[in-house]
Structure formats: structure tokens, C-alpha cells
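The basis for the numbers below is simple: all heavy atoms, side chains too, and nothing from hydrogens, waters or symmetry mates.
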Amino acid sequence: LPIGVVVENSADAWPLAGPAKADLVFEEPVEGSITSYLLFFDASTTAAEIGPVRSARPYFVDWTEGLGAMYAHVGGSPAALNLIAGKKTFRDLNEYWNGWAFWRAAMRAAPHNVFTRTELLLQAAGKKAYVPGDFRAWYYRDAPTSTSAISVTSTITVPYEGIYRASWNYDSKNNDYIRYRNGKPLTDADGSTVRAKNVILIQTDATVLDD
């Protein structure tokens with residue numbers, strides 16, 4: 001069962017726990033110049049700490065449903081909570097009603113202090129009898145060999161504002177991309193560098209739903 005977890009990216013929440021361990025990551029603007037992450041973990045992936053966990057948003061719900069995943073979050077926007085309530089088969093895990101699957105870190109100030117881990121999330125999925133839904137996996141070309149020619153974009157920049165400016169720099173030694181935030185490599189709270197084999201950028205429109 002894939003598991004999706006909302007992790008905020010407010011500067012007040014740094015350093016984050018989980019982006020370097022996740023199998024799939026969505027990053028998107030949420031309000032003002034701040035972005036947020038939706039981290040997906042395969043059932044075989046282990047992460048001892050994930051967070052800070054924050055609120056649901058409608059697009060998080062759509063992406064989670066598309067992957068047939070469970071969705072871990074703390075509350076949410078009115079639009080997101082209404083969307084979840086209207087779905088009979090959505091695999092929801094709201095901290096408000098399932099506090100045992102999360103904890104609040106004493107060394108963090110609220111609301112940036114809610115964390116979880118894959119062990120607790122898998123226990124929650126089992127307790128609720130959630131099973132994977134049907135989805136079509138993405139397919140990628142084979143990794144290049146030492147004799148194959150490949151054209152690679154060396155730097156990918158996402159023009160988020162101010163300190164949230166995002167970029168991916170290609171590492172030829174490991175054949176992957178290192179995530180940079182505001183010009184510096186992004187690392188998890190445990191020091192692990194955030195890397196990705198595949199980076200996809202989506203340009204779309206955004207609409208403010210409430211005040």
C-alpha cells in the first residue's frame with residue numbers, strides 16, 4: 001500500500017524529516033511563497049521520522065487517490081476536508097482522529113511539531129484494513145551504461161519565491177539529481193541528501209479558493 005504524507009516546507013519547520021527517504025515526492029505552492037511536500041512511501045520503505053506533518057489540500061487528495069494510497073495529514077482546508085468526506089473509498093488518516101499514529105515533538109514549536117514514521121503508518125493501514133487501489137505505474141527508460149550516449153539537463157530551476165527557490169543539479173557520478181534550496185543542497189534532519197533519478201515539472205494554473 002503506498003502511503004502519502006503531507007510535510008510542510010515553511011522555514012519555521014526546517015530541517016524536515018522524510019524527503020530524502022520518500023520514493024515519490026510532489027512539491028507545490030500552498031500559500032504566499034511557501035511550498036509544501038506530498039511524500040509517498042512504498043510499504044517496503046522505512047523512515048523513522050517523517051514531518052512536520054501538516055494539513056490536507058484538494059490537489060493532495062487528487063494525487064493520493066490517483067495512486068490508490070493512504071493519506072496522512074493533520075486537519076486540512078475546508079475544500080480538502082469536504083472532498084475527502086465525499087469519497088466513500090478514500091484511504092484517509094487524519095491526525096485529529098488517529099493521534100496514536102503520530103506524535104508531537106517537544107523540541108518543536110506548534111504547529112510545526114507533528115511527526116510520524118512508516119511503522120506507525122503501516123499499523124494504521126492494517127488497523128483500518130486499507131488495501132491498495134488500482135493504478136498504472138510510470139515507466140522509465142533503462143539507466144545508461146558506460147558506453148551509451150545520453151543527453152542530460154545539468155540544472156533544472158523552479159522559480160519559487162525568495163528562500164524557497166528550488167533547483168536540481170545533475171550529479172554525473174551517481175546519474176541522479178541533487179535537490180538545492182536557495183542555492184544550497186537540501187538535506188533531511190539526519191543529514192541525508194535529497195536526490196532523485198527523475199524530475200518532472202508541471203506548469204499549471206492556480207486559483208485561490210477562500211480568504
Side-chain angles (χ1 to χ4, degrees), residues 1-30 33-56 60 63-64 67 69-74 93 95 98-126 143 155-158 160 162-200:
L1 175 70
I3 298 171
V5 186
V6 179
V7 172
E8 65 168 315
N9 191 32
S10 165
D12 294 332
W14 297 345
L16 309 180
K21 308 293 191 304
D23 298 291
L24 175 66
V25 178
F26 286 85
E27 181 181 12
E28 59 289 307
V30 285
S33 61
I34 302 173
T35 68
S36 188
Y37 296 106
L38 178 55
L39 310 182
F40 285 100
F41 299 87
D42 181 80
S44 63
T45 300
T46 300
E49 187 175 60
I50 306 169
V53 184
R54 290 300 296 273
S55 62
F60 297 160
W63 294 331
T64 302
L67 290 172
M70 185 176 76
Y71 183 43
H73 60 99
V74 179
L93 188 71
E95 187 267 349
N98 302 274
W100 63 270
F102 303 80
W103 73 86
R104 294 182 178 265
M107 300 302 292
R108 297 274 191 136
H112 317 289
N113 61 341
V114 180
F115 289 82
T116 186
R117 58 177 177 267
T118 51
E119 179 186 6
L120 292 175
L121 296 172
L122 288 171
Q123 289 176 11
T155 301
I156 302 169
T157 301
V158 186
Y160 295 136
I163 60 175
Y164 300 101
R165 183 178 179 84
S167 62
W168 296 87
N169 291 354
Y170 182 67
D171 180 359
S172 59
K173 181 179 179 181
N174 293 291
N175 186 36
D176 61 11
Y177 286 88
I178 299 175
R179 171 70 157 79
Y180 281 70
R181 181 177 60 206
N182 204 27
K184 297 181 179 180
L186 180 62
T187 59
D188 270 16
D190 65 0
S192 302
T193 302
V194 176
R195 294 174 173 270
K197 282 288 186 183
N198 303 282
V199 180
I200 299 173

| task | Specify the closest pair of heavy atoms between Val6 and Ser55, including all atoms of both residues, with the distance to one decimal. | result | CG1-O, 3.4 Å

| Donor-acceptor contact present, side-chain Arg108 to main-chain Ala13, <3.5 Å | yes

| request: For Asp42, enumerate each residue passing the salt bridge (Lys or Arg N to Asp or Glu O under 4.0 Å) test, keeping only those at least two apart in sequence or located in another chain. | output: none

| note | Sorted by chain and number, sequence neighbours left out, ring pair (Phe, Tyr, Trp, His ring centres under 6.0 Å) with Trp63 holds for Phe26, Tyr59

| Hey, are the side chains of Leu16 and Pro52 touching, using non-hydrogen atoms and a 4.5 Å cut-off? | yes

| task | Considering only NZ, NE, NH1 and NH2 on the basic side and carboxylate oxygens on the acidic side, decide whether Lys21 and Asp190 come within less than 4.0 Å. | result | yes

Which atom pairs, donor and acceptor, lie under 3.5 Å between side-chain atoms of residues 179-186 and protein residues at least two apart or in another chain?
| unit_1 | atom_1 | unit_2 | atom_2 | d |
| --- | --- | --- | --- | --- |
| Arg179 | NH2 | Glu27 | OE1 | 2.8 |
| Arg179 | NH2 | Glu27 | OE2 | 3.0 |
| Arg179 | NH2 | Tyr37 | OH | 3.2 |

| query | Is there a side-chain contact (heavy atoms from CB on, under 4.5 Å) between Arg195 and Asp171 once you walk through the steps? | reply | CA-CA 9 Å; Arg195 294 174 173 270; Asp171 180 359; 3.0 Å; yes

| request: Could you give me the CA-CA distance, side-chain angles and deciding distance for Tyr177 and Asn169, then say whether side-chain contact (heavy atoms from CB on, under 4.5 Å) is met? | output: CA-CA 5 Å; Tyr177 286 88; Asn169 291 354; 5.8 Å; no

| query | Hey, are the side chains of Val25 and Val194 touching, using non-hydrogen atoms and a 4.5 Å cut-off? | reply | no

| task | Go through the steps for Thr64 and Phe40 under the test side-chain contact (heavy atoms from CB on, under 4.5 Å), then give the verdict. | result | CA-CA 9 Å; Thr64 302; Phe40 285 100; 3.8 Å; yes

| request: Would you tell me whether His73 and Glu95 have side-chain atoms, one donor and one acceptor, within less than 3.5 Å of each other? | output: no

| task | Would you mind reporting whether Leu38 and Val5 have side-chain heavy atoms less than 4.5 Å apart? | result | no

| Of the options Val114, Asn113, Leu120, which is the one that meets Trp103 in a side-chain contact (heavy atoms from CB on, under 4.5 Å)? | Leu120

| query | What residue among Tyr164, Tyr160, Trp14 forms side-chain hydrogen bond (donor to acceptor under 3.5 Å, both in side chains) with Asn9? | reply | Trp14

| message | With side-chain hydrogen bond (donor to acceptor under 3.5 Å, both in side chains) as the test, pick out the partner of Tyr170 among Thr155, Asp176, Asn175. | response | Asn175

